[in-house]
Amino acid sequence: ARALTRDWGVVVAAMAAAVLAPHPAVLVCAWFAVGWAQHALVILGHAAAHRSLLGSAAANRFAGRWLTWGAVGVCFEGYKRLHLPHHRLAGAAEDPEHDVLPRTPYGAPFRSGSPWRASLASLVGGALPEFVAFARFTRAHTLREAAPAVVVNGGVWVAGIATGHLVVPLLWSVSGVTSLFLFSRLRTFGEHVGSDWTHRIAAPTWLRWLSHPHPVAHHWEPHHRPSDPSFRLPEVRATVEGPAVVPLTEMWRARGAEAG
């Protein structure tokens, strides 16, 4: 609950700054801050899908539907249909997340600087095909499944129009297809790309703050023990034997050198 409060607090603070001091520099900072918080929220949504964010199944379902995935316009149930089989089939041809790869930079040949180029491209619309593909593969099957995304995002627009503060819904919607992906692409390039299962990486402090909040740099561990809450992942890493931990930036440099 504390992590949810923090991430939503960033959203509220960024939106308040944009409304109260709509200087271009403030708006750019708010754009990055909202995208960062949206990315942090969907990481918590991943934990909610595994019922490891909060103490009960009902609380996790509410958080996943209304406070994380649904808030950024994604169907929580659709995400679970895509993602949970991925944990059973990671690295196999049957992994359902492979269907999304052709619309993303992760399926392309790795080149030196690929994570940074792909992430920065998202700021100018480069992630739109990825967003559309993800929305397609996580689409709602019923009106009840679609309701949280429609209500939350529609409510943001109605409130913005009613109060005359259009900057709020614009920031929320534009960040969700641009700056959110700046952070999510950096994270995703350290998870499965180039691995037949999943990498066991360590991210430097600055990168953990930037793109790997909520111990998400510990990606091997939730694949090994998906029911453990994210705050326990450092403890899991310390107690569970597995592949050697590789610094993320070193892995990127080595893969770039291999690719020439």
Side-chain angles (χ1 to χ4, degrees), residues 1-4 6-7 39-57 59-60 63-64 68 79-98 100-101 104-107 109-110 112 114-116 119 183-259:
R2 182 164 48 189
L4 281 168
R6 184 200 71 176
D7 295 343
H39 175 239
L41 285 168
V42 300
I43 289 171
L44 297 180
H46 170 268
H50 289 286
R51 299 185 178 183
S52 63
L53 176 61
L54 299 171
S56 70
N60 280 294
T68 58
Y79 171 74
K80 291 199 296 182
R81 284 190 290 268
L82 174 73
H83 181 72
L84 295 183
H86 158 73
H87 272 258
R88 299 194 304 270
L89 301 168
E94 298 83 4
D95 183 347
E97 293 195 0
H98 284 175
V100 185
L101 282 179
T104 72
Y106 321 120
F110 192 94
S112 180
S114 286
W116 296 105
S119 298
F183 306 108
S184 70
R185 283 183 163 185
L186 282 177
R187 170 182 55 82
T188 304
F189 267 103
E191 294 180 344
H192 300 283
V193 178
S195 169
D196 57 2
W197 192 47
T198 184
H199 296 292
R200 198 180 196 193
I201 59 100
T205 301
W206 66 270
L207 198 54
R208 290 201 303 272
W209 276 100
L210 183 68
S211 58
H212 290 71
H214 307 314
V216 76
H218 298 70
H219 194 72
W220 180 91
E221 287 74 15
H223 269 269
H224 187 68
R225 283 169 44 173
S227 62
D228 282 318
S230 59
F231 67 85
R232 288 193 57 200
L233 294 180
E235 175 188 334
V236 174
R237 171 165 292 186
T239 57
V240 176
E241 292 186 4
V245 177
V246 178
L248 177 59
T249 51
E250 287 186 16
M251 184 186 75
W252 284 346
R253 282 195 293 269
R255 294 202 61 218
E258 290 171 4

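Hydrogens, waters and symmetry mates are skipped; everything else that's a heavy atom, side chains included, is used. Computed from a predicted structure; not experimentally measured.
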Where at least one partner belongs to residues 212-223, residue pairs that pass salt bridge (Lys or Arg N to Asp or Glu O under 4.0 Å), sequence neighbours excluded: R200-E221, E221-R237
If we only count heavy atoms from C-beta on, is the [X] to [Y] side-chain gap below 4.5 Å?
X	Y	value
H218	V236	no
V240	W220	yes
H39	P213	yes
L186	W252	yes
L53	L4	yes
R253	P247	no
L207	L248	yes

Which residues pass the side-chain contact (heavy atoms from CB on, under 4.5 Å) test with [X], not counting sequence neighbours?
X	result
T239	none
R51	A57, N60
P222	L233
E94	L89, A92

Check against side-chain contact (heavy atoms from CB on, under 4.5 Å), D7 and L41: CA-CA 7 Å; D7 295 343; L41 285 168; 3.7 Å; yes
For [X], give me all partners under side chain to side chain donor-acceptor pair (under 3.5 Å), at least two apart in sequence or on another chain.
X	value
H212	none
H192	H86, H219, H223
T205	R208

Approximate separation, where rounding is to 0.5 Å, of W206 CH2 and S211 OG: 7.5 Å
Listed partners of H50 passing ring-ring contact (aromatic ring centres under 6.0 Å, His included), at least two apart: H46, H83, H87
Specify the closest pair of heavy atoms between [X] and [Y], including all atoms of both residues, with the distance to one decimal.
X	Y	value
Y79	G45	CE2-O, 4.4 Å
L54	A59	CD1-O, 3.6 Å
A202	V245	CB-CG1, 3.6 Å
H199	G190	CB-O, 3.6 Å
R185	S119	CB-OG, 3.5 Å

Pairing residues for E235 by the salt bridge (Lys or Arg N to Asp or Glu O under 4.0 Å) criterion, not counting sequence neighbours: R232
Residues that R81 engages under salt bridge (Lys or Arg N to Asp or Glu O under 4.0 Å), provided they are two or more places apart: E145
Check: E191 main-chain N/O paired with T198 side-chain donor or acceptor under 3.5 Å: yes
